[in-house]
Amino acid sequence: MKAIIDCNNFYCSCERLFRPELRNKPVVVLSNNDGCIVSRSDEAKYAGVPMAAPFFESRSIIALHDIAVFSSNYNLYGDLSWRVMETLRMIAGKENVEVYSVDEAFVDLSAVPVKELPTIAKKIKKTVEDWTGISVSIGVAPTKTLAKLANYIAKKDKKATGCITVLATRQEQQKALQQTRLANIWGVGGAYANKLYNMGIFSGWDLASMPDYWMYKNMGGVVGSRLLKELNGEPAKDMEEELVTKKVIATTRMFGSPVGDIASIREAVATYTSRAAEKLRRQHSAAKTISVFVVANEENHNVNYHGATHSDSFTLPAATSFTNELIKPAIEIVDTLYKPGMLYKKAGVMLSGIVPDNSIQANLFLPETKNCERKLMDMIDNVNFSQRDDVLKFAASGTVRNWKMQQNHISPRYTTRWNELYEVS
DNA sequence: TCTGGGGTCCTAGGACCC
DNA sequence: TCTGGGGTCCTAGGACCC
């Protein structure tokens, strides 16, 4: 059996942890640049705030219900996420935990007798909540997909389930599948859901009853076959090893407001490159190819028009993880993409052709300067990581940074900065 | 006029996830 | 006026090779 442990309204819970007066009050958290609503407390959901909708569209409903608004504070969420995951690793054993996202983890419970699953789930829930202050929901079932389904049911009616649902028998699974619409099944997105509704397939159970060749043909080949197995209790998505190395590393951002001067765009791209290189070094990799794109801020021609994207890439003579070696080609690409007189609203950097970094330790065969650069990178990463912020940066990244995103409702970094520490009076 | 068979690698695009 | 960011996997199709 597998469990999925999912933090309830994670970003909102993090904010409320340090603002106890907001407990039982409606709260929302915004995406980068204060663009969309990405997390809502239960009270905000009841008030009718839609998920993933633009912030400005909900302003009136937010004012009406006196809803607390926060810009996203990734320093805070990252730190609390780490605490939750550490707790799970301590309870279940490191090798049985797969961190799936910032607020979710799968836990392998195959060693636990079926009878004891509800008790264990309760224990996990209580421990995480006692140790971190973050409430969680838990779904348990034989496969990852059914565990996600169990978790969906646990969250849907928190009072009835106590935020825990175990689907151990086929009868329980059948009932759950029958009462769940397709779009809420893990692995069925909007495009497939519409297609299936038009074919007269509505519930998870309908889908689980289709033949394999049909799933292969209509649901994306082997992806569909795997989904069918998972729905029928046969694991097709295994627990994954921790520390899988990413194959693409991207850092992309909207600007706070449209930007026209090339100096700012160079700064932004240099900054994104630094961040991407940092992610690269964290997984002990080096990249061979860097691509850069900019998105123009053009007039809207239709609803779905998001402006023209211009991109180019550069393949390095050898894979590297050194920020300075990546910034140089990145800025050269900016210079070829940039058109004077144009306004831009977004830029991004992508690193690919990722290979293990073989110069992590001082390398006898490299010139001494290379080994110094490696030490320099390590030092920069250590300082920036301990502060959870860019204390040290390359000059190309700029100091004024007037292209930076808007964060008009940001909360303090309570847990990662001494001078922003939560105070008890 | 007639034009093989089998393979690899790469890229773009579509679907999905949180 | 104002709509995020960062990933994954898979397939199809083209280029190229012998």
Side-chain angles (χ1 to χ4, degrees), chain A residues 4-7 9-11 28-39 50-60 62 69 71-74 77-78 81 98-106 144-145 148 151-152 155 182-196 215-227 230 236-237 240 244-258 272 275-276 279-280 283 288-289 291 293 295 297 299-300 302-307 309 311 313 315 343 345-354 405-408:
Chain A
I4 178 95
I5 286 90
D6 185 339
C7 300
N9 318 321
F10 183 54
Y11 295 172
V28 298
V29 176
L30 307 178
S31 65
N32 272 343
N33 228 22
D34 292 346
C36 295
I37 292 166
V38 291
S39 181
M51 181 58 175
F55 175 42
F56 72 90
E57 280 178 11
S58 294
R59 272 186 198 279
S60 56
I62 284 169
V69 176
S71 300
S72 32
N73 182 344
Y74 293 108
Y77 312 152
S81 170
E98 176 195 333
V99 176
Y100 178 68
S101 73
V102 67
D103 68 333
E104 282 177 63
F106 287 103
K144 284 184 169 178
T145 307
K148 290 283 280 187
N151 186 58
Y152 171 77
K155 280 195 153 169
L182 272 180
N184 299 315
I185 300 285
W186 194 48
V188 181
Y192 281 137
N194 281 334
K195 177 175 159 183
L196 293 167
M215 292 293 284
Y216 188 94
K217 185 163 157 263
N218 293 289
M219 296 285 296
V222 297
V223 178
S225 290
R226 283 207 280 259
L227 176 59
E230 286 265 317
K237 292 164 180 270
E240 303 213 348
V244 282
T245 53
K246 294 190 166 65
K247 293 158 187 164
V248 174
I249 289 173
T251 301
T252 71
R253 294 277 183 283
M254 304 272 300
F255 301 134
S257 52
Y272 303 163
R275 175 55 33 80
K279 295 181 195 170
L280 193 62
Q283 65 169 39
K288 184 104 168 110
T289 301
S291 19
F293 70 84
V295 181
N297 183 45
E299 292 294 310
N300 276 6
N302 64 55
V303 183
N304 290 319
Y305 190 77
H306 289 307
T309 300
S311 70
S313 62
T315 299
L343 283 177
K345 62 176 178 186
K346 181 177 182 174
V349 171
M350 270 187 253
L351 303 177
S352 54
I354 290 177
M405 64 178 163
Q406 295 186 32
Q407 292 183 301
N408 296 324

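Letters A, B, ... are given to chains in the order of the sequence lines, protein chains preceding strands, and every chain is numbered from 1. A quick note: this is a predicted structure, and the numbers were derived from the prediction, not measured.
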Categorize A:R253 for me: base, sugar-phosphate, or nothing, with a 4.0 angstrom heavy-atom threshold over every strand shown. sugar-phosphate

Using a 4.0 Å heavy-atom cut-off across all strands, classify A:K144 as base, sugar-phosphate, or nothing. nothing

Between A:K345 and C:dC2, is there a side-chain N or O to OP1/OP2 distance below 4.0 Å? no

Does A:T252 put a side-chain nitrogen or oxygen below 4.0 Å from OP1 or OP2 of C:dG6? yes

Over all strands shown, is A:I249 touching base, sugar-phosphate only, or nothing at heavy-atom distances under 4.0 angstrom? sugar-phosphate

Sugar-phosphate, base or nothing in reach of A:Y192, heavy atoms under 4.0 Å: sugar-phosphate

Are more than 12 heavy atoms from other residues, nucleotides or ligands located less than 6.0 Å from atom NZ of A:K217? no

So which one's nearest nucleotide on DNA chain C is more toward 5', A:E57 or A:Y216? A:E57

Closest approach of A:I249 to A:A276 (non-hydrogen atoms, all atoms of both residues): CG2-O, 3.8 Å

What nucleic acid atoms does A:I37 come within less than 4.0 Å of, heavy atoms only: base, sugar-phosphate, or nothing? nothing

State which of C:dG5, C:dT3, C:dG6 makes the closest approach to the side chain of A:C36. C:dT3

For A:V222, which contact category applies under a 4.0 Å heavy-atom criterion: base, sugar-phosphate, or nothing? sugar-phosphate

Across the strands shown, which category fits A:S72 at heavy-atom distances under 4.0 angstrom: base, sugar-phosphate, nothing? nothing

How many whole angstroms separate atom CH2 of A:W186 from atom C1' of C:dT8? 11 Å

Are more than 12 heavy atoms, taken from residues, nucleotides or ligands other than A:K237, located less than 6.0 Å from that residue's NZ atom? no

Starting the side chain at C-beta, find the nucleotide from C:dC2, B:dC16, B:dC18 nearest to A:S101. B:dC18

Base, sugar-phosphate, or nothing: which does A:K279 touch, judged by heavy atoms less than 4.0 Å apart? sugar-phosphate

Look at all strands and tell whether A:D103 reaches a base, only sugar-phosphate, or nothing, counting heavy atoms closer than 4.0 Å. sugar-phosphate

Under 4.0 Å, heavy atoms only, any strand: does A:G348 hit a base, just the sugar-phosphate, or nothing? nothing

Under 4.0 Å between a side-chain N/O of A:K247 and OP1 or OP2 of C:dC9, yes or no? yes

How is A:N33 classified with respect to the nucleic acid when contacts are heavy atoms under 4.0 Å: base, sugar-phosphate, or nothing? nothing

Determine: side-chain N/O of A:K346 to OP1/OP2 of C:dG4, distance under 4.0 Å, yes or no. no

Between A:A52 and A:A250, whichever has its closest DNA chain C nucleotide further toward 5' is A:A52

If pairing means Watson-Crick or G-U wobble with both distances under 3.5 Å, then the partner of B:dG13 is C:dC10

Determine the interatomic distance between C1' on C:dG4 and the same-named atom on B:dC17; round to the nearest Å. 15 Å

Look at the side-chain N and O atoms of A:R226 and state whether any lies under 4.0 Å from the OP1 or OP2 oxygen of C:dC10. yes

If you measure from the Lys or Arg side-chain nitrogens to the Asp or Glu carboxylate oxygens, is any gap between A:K144 and A:E98 under 4.0 Å? yes

When we call it a touch if two heavy atoms are under 4.0 Å apart, what does A:K148 touch: a base, just sugar-phosphate, or nothing? sugar-phosphate

Which of A:K346, A:K345, A:R253, A:M405 passes side-chain contact (heavy atoms from CB on, under 4.5 Å) with A:N33? Answer is A:M405

Name the closest nucleotide to the A:Y100 side chain, picking from C:dT8, B:dC17, C:dG5. B:dC17

Less than 6.0 angstrom separating the ring centers of A:W186 and A:Y100, yes or no? yes

A:V248 side chain: which of C:dG6, C:dT8, C:dT3 is closest? C:dT8

